[in-house]
Amino acid sequence: MRRRSIVLDGWTMCSLKFLLAVSTFAAPHARAADAPAAQTFPNHWPDPKAVAELDKKKTPYHYRESDVPKYELPDPLLCADGTRVTTREQWEQKRRPETLELFRKHVYGHSPAAGEVSFQVLETDPTALECAATRKRVKITSTQQGKSYSFEAWVLTPNAAKGKVPAFLLINNRPVASADPTRKEKDGFWPAEEIIARGYATAVFRTVDVDPDKDGPAERAKGVRGVWPGDDSNGDAWATIGAWAWGASRVLDYLQTDPAVDGTKVAVVGHSRGGKTALWAAAQDTRFAMAGSNCSGRGGASLARRRMGETVARINTAFPYWFCDNYKKYNDREDDLPVDQHQLVALVAPRPVYVVSAETDYWADPRGEFTALTKASVVYGLYGLQGPTNVDEMPGVGTPLVRGRQGYHIHPGGHNLTPFDWKGYMDFGDRVWGRAATP
Ligand code: GTR
């Protein structure tokens, strides 16, 4: 007898995993070793068996909630002069610029201005995605101080649209095949067909086209920082994440001129190192109408002071060129950081922010990412927007939580950007931009 195999597509797999996760979650035996006895649901905790396995490896990194040291987060509303912000005006005029400057000085460095930005549409194909989209390849050039830097981005806009549509800009930190504008390769990392079918435009550029993802002066010289290195005499010149965020803003410069795109509704989305970049881009450039942080972890959405998974010292050792030199002062001294990452999320306020964690991405500290989102809520509160404030509200795997302008979910499985995440970002976009929900 012939055996028939059942092939499950990504979505079906996701749904099955989700159902499994929900049923496991509801089971009384599912309580994690680290979870308090009287926990309220939903309140996600890592799988105790997985944590025990990680412990066995005896690395210097912590994965256990009981290993989180006592810490005190900086108050996002407390100004350097000791006064406390109570209005949105005080936030915008005083504490927001102050917070931005602290991140520039201590974490990501200072980026140069946009310069004179010009665009050249190198190719236009109105028959892309089986005629569902128009695809453009755009060369973007910034000129300043008598020098220029160019890189390319791709833009897909839905042919069925009546008028300008919002767009999702993906910062692609992976090979071309993960976000292939020609669609010869298709990967859930950038489900362009689904994005277009939902009536959104989408754009993509590769991080390495703006700044190589490698250390050393010879590498740096190949990217935009080779042209404008910045002044590093105080350890706060821009670094790679700053350069990538600058690149995202230049793509936004173009998107604001594209007749098919609503330039006032452009979301910036990135995964992992790209997720750190998406938050930093949206923090600095308030023209971004939304930020999507996917598994951004250390230096992204997760709180440094929790020291879970990847530490500041580890990221500064493995990727010393991502952050400015001053950040290295905080290796094993997280409590001395004048900011923590909840304040990075807060810099996106009052614009919508959606944070995604992965079920088994212990390295990125999902609980630290959700906690940062809840601790950013005081700033959203200044705008009358009620976000999640209690970490015990952390939802179960596969269950999006949206409050006000803040959204969050944990996708099943590991460190990745998946169609499930894109659905979360787009559902959130539909909601905050008042678009009709797509079935
Ligand atoms: C890891 C790094 C993370 C994350 C990731 C990625 O090696 O430790 O912070 O950024 O790379 O970008 O894929």
Side-chain angles (χ1 to χ4, degrees), residues 46 54 57 59-63 103 107-109 169-179 187-190 204-215 219 223 239-245 247-248 268-283 291-324 327-328 330-332 334 337 340-342 344-345 355-372 410-411 413-418 421-422:
L54 286 164
K57 294 188 180 159
T59 67
Y61 309 111
H62 305 308
Y63 300 98
F103 276 105
V107 185
Y108 305 104
L169 164 60
L170 172 66
I171 298 167
N172 182 17
N173 57 302
R174 287 192 175 170
V176 177
S178 296
D187 187 323
F189 194 75
W190 187 51
V204 65
F205 75 99
R206 289 192 69 214
T207 50
V208 292
D209 289 340
V210 179
D211 194 291
D213 200 348
K214 289 186 183 151
D215 195 19
E219 290 296 334
T240 295
I241 288 177
W244 294 338
V268 60
V269 174
H271 168 68
S272 204
R273 63 200 76 186
K276 309 177 206 299
T277 307
L279 284 174
W280 182 229
S293 151
N294 212 84
C295 301
S296 60
R298 180 65 53 244
S302 75
L303 293 172
R305 280 166 173 76
R306 279 173 52 85
R307 300 160 177 86
M308 283 284 257
E310 184 171 30
T311 59
V312 170
R314 167 57 167 67
I315 205 166
N316 275 331
T317 309
F319 304 101
Y321 54 98
W322 281 359
F323 302 91
C324 73
Y327 195 47
K328 294 169 189 62
Y330 303 100
N331 289 352
D332 304 316
E334 285 85 349
L337 269 163
D340 211 319
Q341 300 303 114
H342 61 309
L344 181 66
V345 178
V355 174
V356 168
S357 304
E359 183 185 12
T360 61
D361 193 6
Y362 306 113
W363 188 238
D365 186 16
R367 204 168 181 79
E369 296 181 321
F370 184 69
T371 308
I410 312 171
H411 71 226
H415 187 70
N416 200 2
L417 169 56
T418 69
D421 304 323
W422 279 105

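In listed order, ligands and their atoms are each counted from 1.
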By chain and number, the residues contacting ligand 1 below 4.0 angstrom (heavy atoms only) are Ser272, Arg273, Lys276, Glu310, Ile315, Phe319, Trp322, Trp363, His415
Any side-chain donor-acceptor pair under 3.5 Å between His342 and Thr371? no
Side chains of Ser302 and Arg298: is there a donor and an acceptor less than 3.5 Å apart? yes
Does some side-chain heavy atom of Pro320 sit less than 4.5 Å from a side-chain heavy atom of Asp215? yes
Worked verdict on Trp244 versus Phe205 for ring-ring contact (aromatic ring centres under 6.0 Å, His included): CA-CA 10 Å; Trp244 294 338; Phe205 75 99; 8.9 Å; no
Say you draw a straight line from CG of Asp365 to CD of Gln341; how long is it, rounded to the nearest 0.5 Å? 11.5 Å
For Trp363 and Tyr61, I'd like to know if the aromatic rings sit close, meaning centre-to-centre distance below 6.0 Å. yes
